[in-house]
Enquirer: 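Got a structure for you, written out below as structure tokens; questions coming shortly.
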Amino acid sequence: MRILIFDSLSRKKQEFIPIDANKVRIYACGPTVYDYAHIGNARMAVVTDLLVRVLKKKYKKVLFVSNITDIDDKIINESEKLKIPFKELTDKFSKIYNKEMSSLNVNTPDIQPKATEHIDEMILMIEKLIKNKCAYVMNNHVMFNVKSYKHYGTLSRRTLEEQLEGSRIEIADYKKNAGDFILWKPSKDQQPGWNSPWGRGRPGWHIECSAMSKKCLDTPFDIHCGGVDLTFPHHENEIAQSCSAIEPNSEPEHFSKYWFHNGFVTLNGEKMSKSVGNIQLVNDLLNKYSGETIRLSLLSAHYRQPLNWTKDILEQSKKTLLRIHKNYEKIKVNDFEAFDIKKNEFYIEFLESLFDDLNTPRALSIIGKNLNHVTTKNQEDKQKIAHATFEALNLLGLYSNNKRNIHFDDSLIEKLINERNVARKLKNFARADEIRQNLKKKNIEIEDTKEGTVWTKLK
Ligand SMILES: [Zn+2]
């Protein structure tokens with residue numbers, strides 16, 4: 001079965017053919033860790049996680065690298081504001097990010113490189129770019145000269161004028177051209193910095209990904225992923241740096257063969273972003289909904305479409321999951337191994353829909369259709385339905401812990417929490433404690449706050 005993906009570089013849905021079928025290599029731009037992740041960040045993580053899971057159905061080895069940006073101006077500003085060392089801030093939020101993503105059943109990347117641990121590689125790449133005459137030093141900055149790379153703008157299809165849209169007309173005194181971007185900049189004494197041939201300073205954001213993807217995957221690799229908002233300038237700049245470091249004007253495909261971009265998350269039709277101030281944090285949502293409900297909401301629209309985030313989507317996903325699980329549990333599951341999943345027609349159709357550029361809306365409707373047959377009297381058919389449903393939910397990451405017969409949904413958790421609160425009111429602390437312990441066994445941690453009892457799903 002062929003895997004098709006939409007490649008943003010060629011703007012075509014194409015058959016995915018790996019460079020080396022024995023080792024598929026993928027890179028995704030990870031988070032800048034100075035605050036809680038919002039649902040837009042989570043969409044990238046969930047969609048990429050699904051892409052990796054789907055590729056693993058066909059290829060034995062898939063190496064997935066996604067970085068942590070732990071040095072950046074936003075990090076420095078936030079640490080100065082909070083008066084804590086930047087490292088303390090980034091350590092805290094990388095841990096939180098990983099924990100939240102794990103609540104959404106996102107598998108940890110095989111390698112999660114940190115920018116601050118790859119400064120040497122960045123310096124080496126910048127030196128190479130200067131040597132290749134694609135970068136220059138000006139007023140203590142090292143700049144990439146966009147005019148040196150003839151393919152600049154290929155990914156985003158922007159003309160030179162469009163590239164400059166929104167940037168200041170006045171050219172900074174360390175730039176030759178308005179579109180040139182920073183590879184290395186000086187750090188003030190109190191700011192984090194590293195020694196380099198150009199003085200004490202820190203890397204620009206774009207060079208981080210070029211250096212880390214080269215180190216962890218080598219180039220060219222198969223797929224570069226990220227949110228569509230990173231296409232310009234970040235991904236365009238990554239291509240310019242990585243390719244020019246190979247040799248001047250090297251083709252964009254020499255960096256990554258395919259480019260995979262997921263759409264925006266919008267709130268009331270507007271792009272969700274920190275600057276607009278309309279963000280919804282994963283952390284807050286996890287207090288109200290299970291990770292699986294949030295994950296299903298993120299997968300309910302096709303990954304390339306904008307996703308309009310509403311309470312309705314969450315409520316609908318909660319209901320859908322409940323219906324799927326209820327129907328699924330009507331079937332007594334005993335011996336899965338007796339069936340060959342590869343011959344199950346529903347599962348084949350389901351897999352085909354995901355192999356077709358991750359068509360999750362279709363995949364979900366196939367699960368629903370499969371479960372409609374649950375009323376059949378034929379026991380063997382029932383087993384087949386159960387088997388296919390389990391495999392499908394497992395691949396989508398909507399059935400965690402691989403526990404086939406234990407389902408613990410949000411409404412049951414809330415029912416138990418209510419029961420515990422009643423027990424506490426009646427001063428039946430033994431029962432209250434028993435419920436807490438039972439929840440804990442299911443990896444549900446509860447906490448009593450002023451606003452009431454909140455729960456989190458641990459992994
Ligand atoms: Zn990146």
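First listed ligand is number 1; within each ligand, the first listed atom is number 1.
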Enquirer: For the Zn ion (ligand 1), find the closest N/O/S atom belonging to His234 and write down its atom name.
Expert: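 Closest N, O or S atom of His234 to the Zn ion (ligand 1): NE2.
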Enquirer: For the Zn ion (ligand 1), does an N/O/S atom of Glu208 lie at less than 2.8 Å?
Expert: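 No.
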Enquirer: Between Tyr36 and Phe93, does the ring centre distance come in under 6.0 Å?
Expert: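 So the answer is yes for these two rings.
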Enquirer: For the Zn ion (ligand 1), which N, O or S atom of Glu238 is at the shortest distance?
Expert: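 Of all N, O or S atoms belonging to Glu238, OE2 is the one nearest the Zn ion (ligand 1).
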Enquirer: Do the two ring centres, one from Phe255 and one from Phe221, sit under 6.0 Å apart?
Expert: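 When the ring centroids of Phe255 and Phe221 are compared, they turn out to be within the sub-6.0 Å range.
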Enquirer: What I want to check is whether the side chains of Asn344 and Glu391 have a donor and an acceptor closer together than 3.5 Å.
Expert: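 Absent: no donor and acceptor within the cut-off.
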Enquirer: With the Zn ion (ligand 1) at the center, what angle do SG from Cys209 and SG from Cys29 span, rounded to 10 degrees?
Expert: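 Roughly 130°, rounded to 10°.
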Enquirer: Quick check on side-chain contact (heavy atoms from CB on, under 4.5 Å): which of Ile130, Leu183, Asp180 does Tyr136 satisfy it with?
Expert: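 Going through Ile130, Leu183, Asp180 one by one, the side-chain contact (heavy atoms from CB on, under 4.5 Å) with Tyr136 is satisfied by Asp180 alone.
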Enquirer: So does Lys99 have more than 12 non-hydrogen atoms from other groups sitting under 6.0 Å from NZ?
Expert: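 Not more than 12 within 6.0 Å, no.
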Enquirer: Is the Zn ion (ligand 1) less than 2.8 Å from an N/O/S atom of His206, whether that atom is in the backbone or a side chain?
Expert: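 Not a single backbone or side-chain N, O or S atom of His206 is under 2.8 Å from the Zn ion (ligand 1).
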